[in-house]
Engineer: 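Here you go, one structure.
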Amino acid sequence: MTDYKATLNLPHTDFPMKAGLSKREPERLEQWRQLDLYRRIREAAAGRPKFVLHDGPPYANGSIHIGHSINKVLKDVIVKARGFEGFDAPYVPGWDCHGLPIEHKVEQKVGKAGHKVDARTFREECRAYAAEQVEGQKKDFIRLGVFGDWDNPYLTMNYDTEANIVRALGQIVDKGLLTKGFKPVHWCLDCASALAEAEVEYQDKKSPAIDVAFAAVDPADFTARTGVEAGAPALVIWTTTPWTLPANQAVAVHPEEDYVLLGGDQDGQPRELVVAEALADDAAERYGLENVRRSAAFKGQVLESLSLRHPFLDRRVPVVLGEHVTTDAGTGCVHTAPGHGEDDFVVGKRYGLEVDSPVQDNGVFRDGLPVVGGLHVNKANGPVIEALQEGGTLVAKKSITHSYPHCWRHKTPIIFRATAQWFISMGGHGLLERAREEVKTVTWTPDWGQARMEGMLRDRPDWCISRQRTWGVPITLFVDKDSSEPHPDTPRLIEEVAKRVEQEGIEAWFQLDPAELLGEDAERYSKVTDVLDVWFDSGTTHFSVLEQRPELTVPADLYLEGSDQHRGWFQSSLLTSTAMRGAAPYKGVLTHGFTVDEQGRKMSKSLGNVIAPQEVWNELGADILRLWIASTDYRGEMTVSKNIFKQVADSYRRIRNTARFLLSNLNGFDPAANAVAPDDMLALDRWAVARAAQLQDELRELYNGYQFHQVYQRLHNFCANELGGFYLDIIKDRQYTSRGDSVARRSCQTALYHIAQALARWMAPILSFTAEEIHEHLPGDKADSVFLTTWYDGLFGLPADADMDLAFWERIQAVKQAVNKAIEEARNRKELRANLTADATLYVDDQVRALLERLGDELRFVTITSTAALEPLATAPAELEESAVAGLKVKVVPSPNPKCARCWHHRADVGVDPAHPEICGRCVTNVEGPGEERHYA
RNA sequence: GGGUCUGUAGCUCAGCUGGUUAGAGCGCACCCCUGAUAAGGGUGAGGUCGGCCGUUCAAAUCGGCCCAGACCCA
């Protein structure tokens, strides 16, 4: 038997089937580094329209987790896709470097500032620690394949950034938006500092729950207001923080709520207690009242300004009205201490109540106070309750477990405490109102982001930006020692300070002798030592980064972060930008969800369902991680598990092998010399290119709309359906058996070349490593990197007058499916094995005949059967069922003809040439004749 | 407890303004190939569209309630 295999053009490529990503990706990174690729891309894109995605700085602490990966990869996909779309899309990564978590880490190492080390040394340690963290995270971000200016990122602790944060504060002061206030803030007793809202978390806590009677000073006044006769009426409040009672200034009731006077005996003593009607039964039971009498109901508003006696202090407090009062629990009468609660503070302001804050920074009550003087708040509940008992004002006492704010670092309960703090006023110059207007100008993705942002801005309180901490950008103000007013020359002073900070960092402020700047005035002013909330640092990067770096612009085109940042960075950025320049710092905001496990639960160490990104790229490769991120709809929760990564790896292989097959069939193809002109290409090949062109349009639209999971779906389906299941299967015969340089084969290679070119770029934003590998294996002249190109412009559609248009080929695919089905049935009946052992007869009506006749003799190459004959539908054997294609029945029988040793088709003309007894006529001409002609497939 | 979301085959996703037997790819089962071979081709089985109640001639698509989950807030 002659070996005809040598006469075939079998596929060959060095592009490996096995990706070996975990090993190859680091090599690729090194190659990119040596190419100085990020800079090369910038050069190539110079002068093109800009697209600025501004990086929200991750906090410089800890190794990166899967959430970081999602965030950075989504950004990278967008930046790269914008590059292919023809934009100059720089990416300057950043880090958030000041703040509490770093202080905590450093405290564990060197002890608290001011105790074991001085503040200056402590800050140096913080700076060193943050720098180290930045390097660690940077290494991982680079490993993910994220392109950016990694040699020159922005750090909020860079001296110039610190200086510009100070300048940003200066602008806020200039606008008159900085105010000093005495307000209740979350106060951590262990931090001895105010906490940002983000630093507070809720946990269950056991607390005493007491009911306390506030007796009316004048029972006659009570009766006059309510029409209820009473000897010694008292309003009852319910509280879980007895220690705040010394600061009580009022009792709040709801104006529209119904209240009643409960009369009865408690342990033999008569009581006359005012509670909300809705809670009266509960209350009576809780108090163990006997012989209960209940008065007619009256509205809360009639009690307004009724004078009450403080339960254990010599103080008279009024009844006030508040919409915040609820009847969910308690009594409907609310203990009000403006120094210890937000609602209380607001009501207190309306009624001119005193903001009493008897607790000092260290959590200890001021000396000399009755009952609690000198006591720590954590030890004050007992004495307060005793005092109530003695005064007979304690009506009930039990213990409850409830959700209570805790410090996210110390995990200890925090308190509300009024302290002197610096605020950015939301009302100043209508800041909040203006910001709400700006929200409307922004494109939110998903669109509900707007509603969420608006909701959060609706009742936004003033922003407390001061922190009594060590590692942060200082609030660089000199305030009058008497009036606490900032120095009248503050704008100039702040710029002076900023210049020094630019040279020496924030230490310049802490070491500054006020006399240097103030001269003789230094006596009258003191330096503020508070530092800024870190949200101010990151919130002003639109100024300290976007406005400073020449390659960036304000507003940015896009901010992209997790959906928690509606309250975080998106908001701090919006507020400061609106305050400083009257406009939002971004044109668009995109948010992604958080990861959950297969049960839909969040990732946490305690649940043990955490997947480390490092593990993923070490085992499967960064491209698999990237593909997972792209394949998941980021708008909702993103489910992640080992199992899902396994599935993603499976689909990765499909895409990779499709590319590999394209490349292997480009063996011996030089596009410059061998490409066939579009008009000379075979119909099927032109169709394949046209489908690719169509797909490219879709993919571009999907990339532009940030719909990456759809990009993935379309890309994968194209590889599996149009290519694997149809085109590539069909062209194998022609590729392998026709003459090496025949039009039939070169036409196909031309199509494969165009598709491979396009495919590498389609996947490049997502599968960056693999795309570069494909690009590397492409024949012909090419750029040093796929990322130095834009979308492939070598694709072309079908001619407008094409006989075989897209609809035609769609019908052909349906016919092929019908044939497949008939073959499969025959195979199951054990009549057939391989497709090419089959002869197919297609019984067709006139319509289908008109369709299929256009392919002439080449129909059998499409059906991949040895013959494909057309017969009238009416002559079909009775037992044949109609196929899924109307007007078509398919009969498949084993071919009676001998198998050609070369092309494996079963043909009657095998041995037609005596010199080649084992092969068919077609193969003879392909082996030593002029070669067969193909027109369609 | 409040705000904003999510819930379609084992998995990842389509299903537009309500209208024939709810689709795709993967996975799975079975078959084929051995000239893409730790690949490739084919056929097939999988769905109470989270649940309940409504509106409607008609709902995965509209409304209400409930359940589960996420983020934010209290």
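Please read these numbers as outputs of a predicted model, since none were measured by experiment.
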Engineer: What is the nucleic acid contact for A/S651, judged by heavy atoms within less than 4.0 Å: base, sugar-phosphate only, or nothing?
Structural biologist: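 The answer is nothing, as A/S651 stays clear of every strand by at least 4.0 Å.
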Engineer: Determine, for nucleotides 35-43 of chain B in 5'-to-3' order, which nucleotides have protein heavy atoms under 4.0 Å from the base (write B), from only the sugar-phosphate (write S), or from neither (write -).
Structural biologist: BBSSSSBBS
Engineer: Check salt bridge (Lys or Arg N to Asp or Glu O under 4.0 Å) between A/D733 and all other residues, then give those that pass, not counting sequence neighbours.
Structural biologist: A/R922, A/R934
Engineer: Which pairs with one or both residues in residues 815-826 of chain A pass side-chain hydrogen bond (donor to acceptor under 3.5 Å, both in side chains), sequence neighbours excluded?
Structural biologist: A/E824-A/R827
Engineer: Please give, in whole Å, the distance from B/A14 P to A/F708 CZ?
Structural biologist: 14 Å
Engineer: What distance do A/I823 atom CD1 and A/R833 atom CZ have between them, rounded to the nearest 0.5 Å?
Structural biologist: 14.5 Å
Engineer: Looking only at atom P, what distance separates B/G18 and B/U56, rounded to whole Å?
Structural biologist: 16 Å
Engineer: Students often get this wrong, so: under 4.0 angstrom with heavy atoms, is A/Q710 touching a base, only sugar-phosphate, or nothing?
Structural biologist: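 Sugar-phosphate: the residue A/Q710, judged by heavy atoms under 4.0 Å, touches backbone atoms but no base.
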Engineer: Dot-bracket for RNA chain B: what is it, with Watson-Crick or G-U pairs under 3.5 Å, [ ] where a pair crosses earlier ones, and | for a pair to another strand?
Structural biologist: (((((((..((((.....[...)))).(((((.......))))).....(((((..]....)))))))))))).
Engineer: Grab the N/O contacts between the protein and nucleotides 67-69 of chain B below 3.5 Å, and write none if there aren't any.
Structural biologist:
{"residue": "B/G69", "atom": "O3'", "partner": "A/G600", "partner atom": "O", "Å": "3.3"}
{"residue": "B/G69", "atom": "O2'", "partner": "A/G600", "partner atom": "O", "Å": "2.3"}
{"residue": "B/G69", "atom": "N2", "partner": "A/E637", "partner atom": "OE2", "Å": "2.5"}
{"residue": "B/G69", "atom": "N3", "partner": "A/E637", "partner atom": "OE2", "Å": "3.4"}

Engineer: Using the P atom as the point on both nucleotides, what is the distance between B/G15 and B/G23, in whole Å?
Structural biologist: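 Nearest-Å result for B/G23 against B/G15 at atom P: 15 Å.
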Engineer: Look at the side-chain N and O atoms of A/T639 and state whether any lies under 4.0 Å from the OP1 or OP2 oxygen of B/U12.
Structural biologist: yes
Engineer: So, do A/H777 and A/F15 have ring centers that fall under 6.0 Å from each other?
Structural biologist: yes
Engineer: With salt bridge (charged side-chain N to carboxylate O under 4.0 Å, His left out) as the rule and sequence neighbours excluded, what pairs involving residues 703-713 of chain A come up?
Structural biologist: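 Salt bridge (charged side-chain N to carboxylate O under 4.0 Å, His left out) check on residues 703-713 of chain A returns no pairs.
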Engineer: Please state the P separation for the pair B/G63 and B/U17 - nearest whole angstrom.
Structural biologist: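 It works out to 11 Å between them.
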Engineer: Inspect the contact between A/E454 and A/R436 and indicate whether a charged nitrogen and a carboxylate oxygen are less than 4.0 angstrom apart.
Structural biologist: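 No.
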Engineer: Of the options B/C11, B/C33, B/U12, whose atoms approach the side-chain atoms of A/Q713 most closely?
Structural biologist: B/U12
Engineer: Can you pull out the residues from residues 443-455 of chain A that lie within a 4.0 Å heavy-atom distance of RNA chain B?
Structural biologist: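 Hits under 4.0 Å, by residue number: A/W448, A/R452.
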Engineer: Go through the structure and list residues passing side chain to side chain donor-acceptor pair (under 3.5 Å) with A/N717, not counting sequence neighbours.
Structural biologist: none
Engineer: With a 4.0 Å cut-off on N to O distance, would you call A/R691 and A/E722 a salt bridge?
Structural biologist: yes
Engineer: Using a cut-off of 4.0 Å on non-hydrogen atoms, how would the nucleic acid contact of A/H566 be classed: base, sugar-phosphate, or nothing?
Structural biologist: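 A/H566: no heavy atom of the nucleic acid under 4.0 Å.
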Engineer: For the C1' atoms, the ones on B/C57 and on B/G46, what distance do you get once it is rounded to whole angstrom?
Structural biologist: 32 Å
Engineer: According to a strict under-4.0 Å criterion, is A/H709 in side-chain N/O contact with OP1 or OP2 of B/A14?
Structural biologist: yes
Engineer: Expressed in whole Å, how much space separates the C1' atoms belonging to B/A36 and B/G44?
Structural biologist: 25 Å
Engineer: Can you confirm whether the side chains of A/Y712 and A/S651 place a donor and an acceptor under 3.5 Å from each other?
Structural biologist: yes
Engineer: Which part of the nucleic acid, if any, lies within reach of A/N665 when heavy atoms closer than 4.0 Å are counted: base, sugar-phosphate only, or nothing?
Structural biologist: nothing
Engineer: Can you list the residues that meet the ring pair (Phe, Tyr, Trp, His ring centres under 6.0 Å) rule with A/F645, with sequence neighbours excluded?
Structural biologist: A/W628
Engineer: Using the test salt bridge (Lys or Arg N to Asp or Glu O under 4.0 Å), find all partners of A/K23 that sit at least two apart in sequence or belong to another chain.
Structural biologist: A/E27
Engineer: Does B/G46 count as syn, meaning its glycosidic angle lies within 90° of 0, or as anti?
Structural biologist: syn
Engineer: Go through the structure and list residues passing side chain to side chain donor-acceptor pair (under 3.5 Å) with A/S573, not counting sequence neighbours.
Structural biologist: A/W569
Engineer: What residues, two or more places apart in sequence or in another chain, satisfy side chain to side chain donor-acceptor pair (under 3.5 Å) together with A/R860?
Structural biologist: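 Expected list: A/H905.
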Engineer: Identify which nucleotide among B/C72, B/U34, B/U12 has an atom closest to any side-chain atom of A/I644, counting heavy atoms from C-beta outward.
Structural biologist: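 Nearest listed nucleotide: B/U12.
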Engineer: Mind checking the OG1-CD spacing from A/T632 to A/E637? Nearest 0.5 Å is all I need.
Structural biologist: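 So the gap between those two atoms works out to 12.0 Å.
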Engineer: Using the P atom in both, what is the distance from B/A24 to B/A45, to the nearest Å?
Structural biologist: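 B/A24 and B/A45 have their P atoms separated by 11 Å.
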Engineer: Side-chain donor-acceptor pair under 3.5 Å between A/T7 and A/R902, yes or no?
Structural biologist: yes
